[in-house]
Structure formats: structure tokens, C-alpha cells
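Have a look at the structure below, then the notes.
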Protein chains: 2
Amino acid sequence: MAYTIKDVAKEAGVSVATVSRILNGLPGYSVKTKEKVMQVIGEMGYQPNAIARGLINKRTKTIGVLLPAVSDLFASLVLSGIEDQAHELDYSVMICNTDQDGVRTMKYLHALREKQVDGILFISEQLKKEYYDAVIAMQLPMVLVATTSPYNVPFIKADDEKAVYDGVTYMLEQGHRAIGLLAGTKGDPIATEPRMKGYERALKSYGLLVEQKRIVYGDFGFASGVTGAEALVKQDPSLTAIFCCSDEMAAGALSYLYSQNIAVPQQVSIMGYDDTKMAEMTIPPLTTISQPLYEMGKQSVTMLLQQEEQHWIIMPHSITVRQTVSART
Amino acid sequence: MAYTIKDVAKEAGVSVATVSRILNGLPGYSVKTKEKVMQVIGEMGYQPNAIARGLINKRTKTIGVLLPAVSDLFASLVLSGIEDQAHELDYSVMICNTDQDGVRTMKYLHALREKQVDGILFISEQLKKEYYDAVIAMQLPMVLVATTSPYNVPFIKADDEKAVYDGVTYMLEQGHRAIGLLAGTKGDPIATEPRMKGYERALKSYGLLVEQKRIVYGDFGFASGVTGAEALVKQDPSLTAIFCCSDEMAAGALSYLYSQNIAVPQQVSIMGYDDTKMAEMTIPPLTTISQPLYEMGKQSVTMLLQQEEQHWIIMPHSITVRQTVSART
DNA sequence: CTGAAAGCGCTAACAC
DNA sequence: GTGTTAGCGCTTTCAG
């Protein structure tokens, strides 16, 4: 067994209350006592038991993070911001890989509750009513990261509609007129619909028609980028540009075009979305919409832990120009 | 305040002991009592407090994972195996992004101790003596994943020397004779030295000389792949193949060669190491050494939690042939 | 400035 | 079958 506060107290010849005060920086002891106690602690290698502490404080200094997949570049970048900020504030983070599975998510929610986490961060997933109800019942603070909900839950995200509007407008400015859209999961109210609206608004602002053959749905993954680009090119060979709603799909599109000997950006321009690490690794390096994913992660923990803060934050996006979009003259 | 076991007991008209027994599947109550209690629990939405429970059992059903960076494809793949298996066994996982920083790592080790985790997983980093001593002092079980140490600590990893030997031999079999090595961090006893030995052994088995101009060090990252490939090609323009000690460096090499109009694999063949998700996304898709990263993650938690298991495991590797290595006739 | 003692929510003897 | 009770390691009144 490891030493307890009692052992320290006995060894230092004081009461546990005094040791506790010293440990917690509370007033009420002489310099001399403190020195003696600290010395004993050092010698014994005593470390307080956060579990016992948590039982009293009702605070565990740990937060739970639910995300679709830890091995996803997008989510892991957000996670890394969360982790850094949590560490900064002396919190620990428990990860829960939901796999987008409802049953699994509910299991995690219960586990987090039982383990008395101080709050929950929900990354980039749709907040189902079931989840929302559970969290409310548990009375746990929660904030959504890179997603929103129809409920009154704090969130932090970018303006997806505007981001795609800006991206497509950029392509339009480069002279492209036949622009395809490789959208996300069909019907997704968070990451697909607003982005489609942005695409449509951009085209309309240039007096262009929105044509169904120029829109294809994917699932944000690489493989769907390959098949999506293929569908797009076959449905409309006159396309000179494709806006992809994730970097991974953009990489898939790049792969497909390469396999068909279609030169990027000379024949077809490609644009991605997210600016994950892979955007600079593609060939050619990917022009994409940057979202401050890491920063969003950081701020989300601040929001979560300081409930007096504002209820939602829209983070700025920008266009990172690399080499997959060229001017069309 | 949420309900406690006392509330349930009172409401159900039984004692807390009985409720506890029912909750823990211990014998000692009638079917009727159980039904009544379960019903009350359902109505109140009672959930046990794992913190209180942990104070008694001395087990928290959570493990700590230390890794260099959560946003790293390699580590996050291992992490995802860990997470899945932990979830399977009803454990939670706390992540600690060490950033390869000694001070930060020590802080995490202390936090994990205070929070009474049941064990520690240490992914792909060098176990410094300082860390080892701390973990021993804390009397916590630990297993190393994708790394080893000079200490007597259980580990699970691949055979790096053999993996590179096999990879380079594969290139040799394809007819290549001038093969460069893009190694990892210079001096790294885990991920660089054994791999260099494998490279050398393969060459020697073909009666070839090991030439210093054909070896360059990197840091496993993309950028060092770009610069490393450049250095290699400039130092020896006769090179027809490069073995890279990580997929990311291989991607960097691919980028550099593309920028120089050097065709892969027609002019230069490239091979990676790890088989992370990005290996299938490069152009052309990367031929690489596969390590069962996800599986290693899964098994590491089993090892950690069942200390009677064997002390170390060497996982099998294989060569995943894609399109970056061609035959040289 | 310091100590005694009452819990936090739960489990595990030990009685009955 | 079921209840009483003594802690787990710690914080926090409340006395002194």
C-alpha cells in the first residue's frame, strides 16, 4: 500500500488536518510545521489520492471527450487542442471512441457519469435526442465542438456555409464556371446541408445555375473521394474544378484524377476542406479551407470549465492556397 | 445532487447493503427484493458513484496512455486499438500527450498516480530512467507498446530489424542494387538502430557494400522525408530505390521526387514503414511494411490487465505491395 | 496555529 | 435473506 495522509501526519507529528491544509494551500500553520511536513512528504514519496479527494469535492478534474474516431485526422487535431488546454488547467481527459454508434455512445455517457467527470466534450457528431436527454439528466456541463444541435447546448464551430461560399467564390474568381461539389453524407444537417447552401449561394451570386449532375455525396473518407470524383467527372466531363467537403475526399479525388491521367490543376482544380496535416502532403499540395481545429479544441475546454462564458463561438476560417487550384483564363 | 445508494435503499425499503449486493451481482436476496430495487433504481435514474467505489476497491477501471502526439497517425492507430479493447473490458482510458517532453511526461505520471489508474501504457517512446523509476515507485503495472527498454518492462512490438531486412530484401529481389535508406532520428535505439542493422544485413546478404552516402537521417516526419530524399538523390544520383523508415517520410520523398519530375516507381522506387492510413492515399499508393498497429494496441491492454500473461510479444509484420516499387531488369 | 471528528458514497465483514 | 457498521483517504467545520 502507498502512504496515506495519516502516515504523513504521524511521521511529522501533526494531525491530518494540518497536512491537508498545507497540501491545499489553506492558511493555518507555522512556517516550521510546513517545512517539517513537506520534508516528510518528500522522504516518503507521498502522493495524495485524487479519488478520495474527489469523493468530497465532487470534482474529479477530468473531462470526457466523445469523438467518432481517434484515428481520424480531423478529430485527433481537435483532440490535441483539448488535451493541451486540459493539461494547462490541470485536468485529465478520458477519451471515448463512439464509432458513431448510438449504443456505444450511451454506454460511454453512463461510464463518464459514474466516473464523475466534470464535463463532456462532444466532437463533430450529431447530438441525438437520446444523448441530449441523458446528459441533461446527468446534469453535466457539455459543449459541442465542430458541430451544433437543435438544443440549447453551447458549441464552438466554424461557419460552414460561409466557408464553402468563400471557397467556391475563390474558384469562381480564378475563372472556373463548371464547378462540381463533392459533398459529405447526404442529409447531414451539420456538415453537409450548410455547405451545399454555401456552394449554391456562391454559384448564384455569379449568376450560375446549380446543376444536379455536378453534385455528388460522399462520407468524408478517402474512398468516397475516389468514387465521388469518378462519378462527377463521368456525369459532367466539362467540369474544370471540384470543391471537396473534406481533405480526405480531396485526396481521393486527386488519386482518381491521377489514375485517369487528368492533370491537377492544369485540367481540373481541386479544393479541400479542414486543412488537416495531410493537406500539405498531397501531390500537388492541397489548396483548402482552413479551420482552426486545434484552437477550437483549446477553447472548447475553456468554455466547458467556465460556464459563465458566452454560449457559442463561431471560429474564423480562411483559405490556404497551395497548388491544386489554377486560374482558368 | 444526484441520488445515492442510500436514497435507493430508503425508497425501496431495504438496507444499503442489499442494494449494493444486487448492484454487484453478489448472492443474498430474494427475487422479489431484487425486482423492487431494480424498479426503484430505474425510476430514480440512480447511477452508482465509481469514485466512492474506487476508494474501497482500489481499482478505478481506468488506464492511462502516454503517447508522443494524439494527432500522429501512427500513435492514434495504436490508441484506437487500445480504446476498443479497453471499452471491451469495461475500462476507460485517459490520454496523456507527452509531446516527447520529459517534464510534461513526469507531470502526467504523477497525475495518473493520483487519479489511481490501474495501469499505464507507454506508446512508441523511449522509456527514460526517470520515467521507469517513477512508475516503479508508484507500483503501477506498465506495458510498452511499439517500443522496448533496457529495463524489465513488458512490451509488445514488431521486429524492426527483421522488418527492414525483409523490406530491403524485397527491393533487392526486384533487381535494385543502389538502395538508399531514409532512417529515423539518429541514435534512436528503438526505431533507428535496429532498422539500420536490418538494412545493412540485407545488403550484405547480397554481397553489397553499405555506403554512407546512401544513408540519411530524418525524424519520421513529412518534412524530413522531403529534405532527406533530396539529400539522398544529390549524394548519389545513381540510386534506384529508397527505403523510408516511416510512411510519412515516404510521402515526403514522393513529394520531393514529384517536384523534381522523377517518376515513381519508374525512375526511383520508394518503400515506407508502418502502413498507416496514409499509405493508400499517396500517389502512387505506397508499398510499405505493415505493422499490426491496431492489434498491438488491443493486445497491450490485455497484457496490462492480466499480468500473468507472458512478458513480451513480438508481432508479425508483412509487406503490403502497392505501387511504389517496380522491378529493375 | 492546531487537532478531533464528522462525513463524501460505497463495500464488506459480521450479526441476526 | 437482510441489516448494522466500520472503514476507504481525504476535506472541513468546529473547538481550543
Side-chain angles (χ1 to χ4, degrees), chain A residues 1-38 40-41 44-62 110-118 138-139, chain B residues 1-38 40-41 44-62 110-118 138-139:
Chain A
M1 264 307 298
Y3 293 117
T4 72
I5 197 173
K6 258 189 198 158
D7 301 318
V8 174
K10 192 180 297 173
E11 186 69 25
V14 297
S15 73
V16 294
T18 298
V19 177
S20 175
R21 285 188 198 103
I22 293 174
L23 249 24
N24 293 289
L26 297 175
Y29 45 79
S30 65
V31 178
K32 211 164 173 173
T33 311
K34 173 166 181 177
E35 275 170 2
K36 173 64 180 163
V37 169
M38 291 310 285
V40 170
I41 286 177
M44 303 177 89
Y46 165 76
Q47 285 194 250
N49 181 326
I51 293 295
R53 197 174 262 175
L55 190 53
I56 301 174
N57 305 328
K58 272 102 179 59
R59 289 195 317 138
T60 51
K61 286 255 181 186
T62 109
H110 285 123
L112 290 174
R113 171 58 218 284
E114 295 197 351
K115 293 193 174 158
Q116 314 292 124
V117 298
D118 297 339
M138 295 169 178
Q139 311 198 57
Chain B
M1 264 311 298
Y3 293 117
T4 71
I5 198 172
K6 261 188 197 158
D7 301 317
V8 174
K10 193 180 297 173
E11 185 69 24
V14 298
S15 73
V16 294
T18 298
V19 178
S20 175
R21 284 188 198 104
I22 293 174
L23 250 23
N24 293 289
L26 298 176
Y29 45 81
S30 65
V31 178
K32 213 165 174 174
T33 311
K34 172 166 182 177
E35 275 168 3
K36 173 67 181 161
V37 169
M38 290 311 284
V40 170
I41 286 177
M44 304 176 89
Y46 164 77
Q47 285 195 251
N49 181 327
I51 293 296
R53 199 174 259 175
L55 191 54
I56 300 174
N57 305 329
K58 272 103 178 59
R59 290 194 316 137
T60 51
K61 286 251 179 190
T62 110
H110 284 123
L112 290 174
R113 171 58 218 283
E114 295 195 351
K115 293 192 174 160
Q116 315 290 126
V117 297
D118 296 341
M138 295 168 178
Q139 311 199 55

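Order of the sequence lines fixes the chain letters, A, B, ..., with proteins taken first and strands second; residue numbering starts at 1 for each chain.
One distance of note links CD1 of A/Ile51 with OG1 of B/Thr62; it measures 8.0 Å at 0.5 Å rounding. For the atom pair CG (A/Leu55) and CZ (A/Arg53), the distance works out to 13.0 Å, reported to the nearest 0.5 Å. Taking CZ of A/Arg113 as the start and CG of B/Asn49 as the end, the distance is 7.5 Å to the nearest 0.5 Å.
The residue among B/Gly13 and A/Thr18 whose nearest nucleotide of DNA chain D is located toward the 5' end is B/Gly13.
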Please write out the pairs of protein N or O atoms and N or O atoms of nucleotides 8-11 of chain C separated by less than 3.5 Å, giving the distance to one decimal.
unit_1, atom_1, unit_2, atom_2, d
C/dC8, O3', A/Lys58, NZ, 3.0
C/dG9, OP1, A/Lys58, NZ, 3.3
C/dG9, N2, B/Ala52, O, 3.4
C/dC10, OP1, B/Tyr46, OH, 2.5
C/dC10, OP1, B/Asn49, N, 3.0
C/dC10, OP2, B/Ile5, N, 2.3
C/dT11, OP1, B/Asn24, OD1, 3.4
C/dT11, OP1, B/Asn24, ND2, 3.2
C/dT11, OP1, B/Arg53, NE, 2.6
C/dT11, OP1, B/Arg53, NH2, 3.2
C/dT11, OP2, B/Ser20, OG, 2.8

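Applying the side chain to side chain contact (heavy atoms under 4.5 Å, CB included) criterion to B/Ile56, with sequence neighbours excluded, gives no partner residue. Residues passing the side chain to side chain contact (heavy atoms under 4.5 Å, CB included) test with A/Thr4 are A/Lys6, A/Asp7, sequence neighbours excluded.
In this structure, the CZ atom of A/Arg59 is 13 Å from the C1' atom of D/dT11, given to the nearest Å. Distance, A/Leu26 CG to D/dC10 C1': 13 Å, rounded to whole Å. B/Ile22 has its CD1 atom 10 Å from the C1' atom of D/dT2, to the nearest Å. Whole-Å rounding puts the A/Gln116 CD to D/dC10 P distance at 18 Å.
Formation of a donor-acceptor pair under 3.5 Å by the B/Lys61 side chain with backbone atoms of A/Lys115 is not found in this model.
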Quick one: side chains of residues 10-19 of chain B, donor-acceptor pairs under 3.5 Å with protein atoms, not counting sequence neighbours, listed by atom name and distance.
unit_1, atom_1, unit_2, atom_2, d
B/Ser15, OG, B/Ala17, N, 3.4
B/Ser15, OG, B/Thr18, N, 3.3
B/Ser15, OG, B/Thr18, OG1, 3.4

Compile the donor-acceptor pairs under 3.5 Å between side chains in residues 20-29 of chain A and protein atoms, sequence neighbours left out, one pair per line.
unit_1, atom_1, unit_2, atom_2, d
A/Ser20, OG, A/Asn24, ND2, 3.4
A/Asn24, ND2, A/Ser20, O, 2.7
A/Tyr29, OH, A/Leu26, O, 3.2

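Taken over five-pair windows at either terminus, the axes of the helix from C/dC1-D/dG16 to C/dC16-D/dG1 are inclined to one another by 40° (rounded to 10 degrees).
The phosphate of C/dC1 has neither OP1 nor OP2 within less than 4.0 Å of any side-chain N or O from A/Thr33.
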